[in-house]
Amino acid sequence: MTGDGDVKTQDKPQEFEVLNANIAKIEALSQRLITALAQKKPVPQSLQGPNQELFMKAAAAYMAEMMNNPARIIEHQVGHWGKTLKHYVDAQHRLAKGDLSPPPDETPKDRRFVNPVWDNNPYFNFIKQQYMRNAEAIETAVSDLEVMEDRERRRVDYFTRQIIDMMSPTNFLATNPDALQQAIDTDGESLVRGLENLVRDLEEHQGEAIVNLADKAAFKVGKNIGTSQGEVVFRNRMFELIQYAPLTNEVHKTPLLIFPPWINKFYILDLREQNSLIKWVVEQGYTVFVVSWVNPDESYADVGMDTYVEEGFLTAIAQVKEITKEAKINVIGYCIAGTTLAITLGLMKQRGDRSIKSATFFTTLTDFADQGEVGVFLDDDFVDGIEAEAERTGLMKSLYMNRTFSYLRANDLIYQPAIRSYMMGEAPPAFDLLYWNGDATNLPGRMAVEYLRGLCQRDELSTTGFPIAGTKVHLSDVDVPLCAIGCETDHIAAWTSSYNGVRQMGSKNKTFILSESGHIAGIVNPPSKKKYGHYTNSDLTLSPQEWKAGADFHQGSWWPRWENWLSSKAGKMVPARHPGDSGRATLGPAPGDYVASQATP
């Protein structure tokens, strides 16, 4: 204001220039948005969600509960509406008195609402309290559906929680104080940047609304992640075999072969020097080989579990033996590769092949009696759709797998990243783990269906035997010395199920270690970080709960404890082996060619 009350206008031209530039950007982005959305391919009806019969059963169960126990239903409804009405009246009374402080807030703490505005501002606090009370009422109604089977009730509970999370006020611009403040502070520029981020993601994913979790320009495999030195020493249609250069003058005589999962890529074990399990193991004096799986396309439609065993696991084992001139080797299997390693070991026993000295399993499910959180996606309403899509395209596309795993942690992997990118206008972070998470892979159609039907649904490996290569293998066939690592908060391979599978294996020399944290962080847990501890208990006759209750807790990473176990199975020290010194020509530097293949949605 000037002294006579006139508004200053000297800054207006610049403000109008910014406004006009932003309007022009929005117009151009809107056209790109329409074009990007037009690329979206329709998702088959069978893959759009659970069968509607599930919700019909839930509605019928609620009606039955109302008929059989009306008092409890009425009590819940009266309680919910009583709290809601009281909250509304309290807020109105305060406003009538000119008191802008919110009424008492007894809702539980939630990290989505950490901004003090949610507690101090009457508008945002009212919205938060109403959302939390509604969520509580819905969850109570679902949890009381006693006439439903437990499995169906768990599924209804899960998908209900998805709807509740989706409707959080933080997911909408008008009710997100952080996004609104950011828009004010940047004169709306954050909203323009957010629209740019949205259009970029839609264009990159052919119209699919997939938020980029990491800055893809910040990383290049082989340049600043996946950089351990080595050479590709073998290649077939299923995998490249990488042998890593030694970092010690001597190595253990028995080599180590690592089978990573072919859901995502092997360099999760070699992200950076500071957290690379591969580099750390090489530094301990081992000749380390890693399988880098092919990222399949439609031509791999014929590939099944037997192909992964015969052309993958058994071929890789034979190659390592030939290159090192050793009769026995040690092996590691991670996640689905651990499951398939167990199948391979059972088949090898039946064939009389004693090439494996010891086996290590990272977060591996072999007993699927309890499918854990991912079990909500393993009923026929989803698997039938995946099977139909696999028959049509020859693949289980990375899009469906990524969405499945992301919705197990929707707030962390979908909504919060979308808020930061699209409403706050922030660039994706340069985070190596999230970059790896987005570097997706497809699955061969036949293999995916065999895994989902035979292992996940029918639990054949721990019951009737899993059919492979003309025979059936059972967990009792796995009789080599073994060590298994489970992770305490793993939402993909529950540690209790992993432990139960190990208990059924036929080995007389079994060790189980329980790491703190989840499916990735519990494994990629270098000693230098001193972050997550682990539990040990030698008595594997106990139930999972009894085992943990009686376990000893140890600070720090499980890596050194496991390596001490492995060293006793790795033989004497010999001169270090180098890629190519066996006389076989190498095929190129690590991390190889297969890892660079990108899957499209």
Would you please name every residue forming a side chain to side chain contact (heavy atoms under 4.5 Å, CB included) with Gln371, sequence neighbours left out?
-> Arg151, Leu378
Are any side-chain N or O atoms of Ser515 and backbone N or O atoms of Gly522, one a donor and one an acceptor, separated by less than 3.5 Å?
-> yes
So, Tyr158 versus Arg153: side-chain donor-acceptor pair below 3.5 Å or not?
-> no
Would you call Asn125 and Trp118 a side-chain contact if the rule is heavy atoms closer than 4.5 Å?
-> no
Using a 4.5 Å cut-off on heavy atoms from C-beta on, say whether the side chain of Leu395 contacts that of Leu443.
-> no
Between Thr160 and Asp157, a side-chain donor and acceptor under 3.5 Å = no
If only atom types and distance count, is the side chain of Ser497 paired as donor or acceptor with the main-chain N or O of Asp370 below 3.5 Å?
-> yes
Sidechain-backbone polar pair: Asn437 side chain, Leu433 backbone, donor-acceptor under 3.5 Å = no
Output every pair passing side-chain hydrogen bond (donor to acceptor under 3.5 Å, both in side chains) with a member in residues 422-434, not counting sequence neighbours, ordered by first then second residue.
-> Asp201-Tyr422, Arg272-Asp432
Can you tell me if Asp110 uses its side chain to pair, donor with acceptor, with the backbone of Arg112 under 3.5 Å?
-> yes
Is the closest basic N to carboxylate O distance between Glu516 and Lys531 below 4.0 Å?
-> no
Return the orientation label for the Phe377 and Phe382 ring planes: parallel under 30°, perpendicular over 60°, tilted otherwise.
-> perpendicular
Any donor-acceptor N/O pair, Ser168 side chain to Asp165 backbone, under 3.5 Å | no
In residues 408-419, what donor-acceptor pairs under 3.5 Å come from side-chain atoms, sequence neighbours left out?
| from | atom 1 | to | atom 2 | distance (Å) |
| --- | --- | --- | --- | --- |
| Arg409 | NH1 | Glu373 | OE1 | 2.9 |
| Arg409 | NH2 | Glu373 | OE2 | 3.4 |
| Asp412 | OD1 | Arg111 | NH1 | 3.3 |
| Asp412 | OD1 | Arg111 | NH2 | 2.8 |
| Asp412 | OD2 | Arg111 | NH2 | 3.1 |

Does the salt bridge (charged side-chain N to carboxylate O under 4.0 Å, His left out) test come out yes or no for Arg133 and Glu106, once each step is laid out?
-> CA-CA 10 Å; Arg133 294 187 195 286; Glu106 299 177 355; 5.9 Å; no
Any chance you could lay out the side chain to side chain contact (heavy atoms under 4.5 Å, CB included) test for Thr175 and Tyr131, step after step, and finish with the verdict?
-> CA-CA 11 Å; Thr175 51; Tyr131 168 75; over 6 Å; no
Test side chain to side chain contact (heavy atoms under 4.5 Å, CB included) on Leu37 and Ile34 and set out the steps.
-> CA-CA 5 Å; Leu37 289 172; Ile34 294 170; 6.0 Å; no
If you draw a 6.0 Å radius around CD in Gln274, do more than 12 non-hydrogen atoms from other residues or ligands fall strictly inside?
-> yes
Heavy-atom closest contact (Gln457 atom, Asp379 atom, distance) | NE2-C, 3.7 Å
Just wondering, do Thr441 and Trp262 contact through their side chains at under 4.5 Å, heavy atoms?
-> no
Any Leu180 side-chain heavy atom under 4.5 Å of Met423 side chain = no
Between Ser30 and Glu27: side-chain donor-acceptor atoms closer than 3.5 Å | no
Under a 4.0 Å N-O cut-off, is there an ion pair linking Asp439 with Lys216?
-> no
Does a side chain donor of either Glu204 or Asn212 reach within less than 3.5 Å of an acceptor in the other side chain?
-> yes
Counting only N and O atoms by type, is there a donor-acceptor contact under 3.5 Å from the side chain of Asn442 to the main-chain atoms of Lys397?
-> no
Which pairs with one or both residues in residues 171-196 pass salt bridge (charged side-chain N to carboxylate O under 4.0 Å, His left out), sequence neighbours excluded?
-> Lys25-Glu189
Minimum-distance pair of heavy atoms, taken over all atoms of Val524 and Ile268 | CG2-O, 3.6 Å
In terms of heavy-atom contacts, Tyr532 and Ser517 come closest through CZ-OG, 3.5 Å
Considering all heavy atoms, the nearest Ala551-Asn537 contact = N-ND2, 3.7 Å
Backbone N/O of Phe362 and side chain of Thr364: donor-acceptor pair under 3.5 Å = yes
Above 12 or not: heavy atoms from other molecules or residues under 6.0 Å from CE of Met166?
-> yes
With the threshold set at 4.0 Å, does a side-chain nitrogen-carboxylate oxygen contact exist between Glu152 and Arg155?
-> no
Going through the checks in order, is the side chain to side chain contact (heavy atoms under 4.5 Å, CB included) test met by Thr339 and Tyr334?
-> CA-CA 8 Å; Thr339 309; Tyr334 190 171; over 6 Å; no
Indicate yes or no: at least one non-hydrogen side-chain atom of Phe431 is less than 4.5 angstrom from one of Asp215.
-> no
For Gly501 and Thr366 the tightest heavy-atom approach is CA-OG1, 3.3 Å
Side chain to side chain contact (heavy atoms under 4.5 Å, CB included) assessment of Asn264 paired with Trp436 = CA-CA 8 Å; Asn264 291 107; Trp436 166 85; 3.3 Å; yes
Could you tell me how the ring of Trp495 sits relative to the ring of Phe512: parallel (under 30°), tilted (30 to 60°) or perpendicular (over 60°)?
-> tilted
Those residues that, when tested against Tyr407, pass ring pair (Phe, Tyr, Trp, His ring centres under 6.0 Å) (two or more places apart) = none
Taking atom NZ of Lys530 as the centre, report whether more than 12 heavy atoms of other residues, nucleotides or ligands fall under 6.0 Å from it.
-> no
Within-4.5 Å side-chain heavy-atom neighbours: Lys548 and Leu514 = yes
Glu203 meets the salt bridge (charged side-chain N to carboxylate O under 4.0 Å, His left out) criterion, sequence neighbours left out, with Arg32
Any side-chain heavy-atom pair of Ser190 and Gln181 under 4.5 Å | no
Are any of the side-chain heavy atoms of Tyr123 and Val117 separated by less than 4.5 Å?
-> no
How close do His534 and Gly556 get, heavy atom to heavy atom, and via which atoms?
-> ND1-O, 2.9 Å
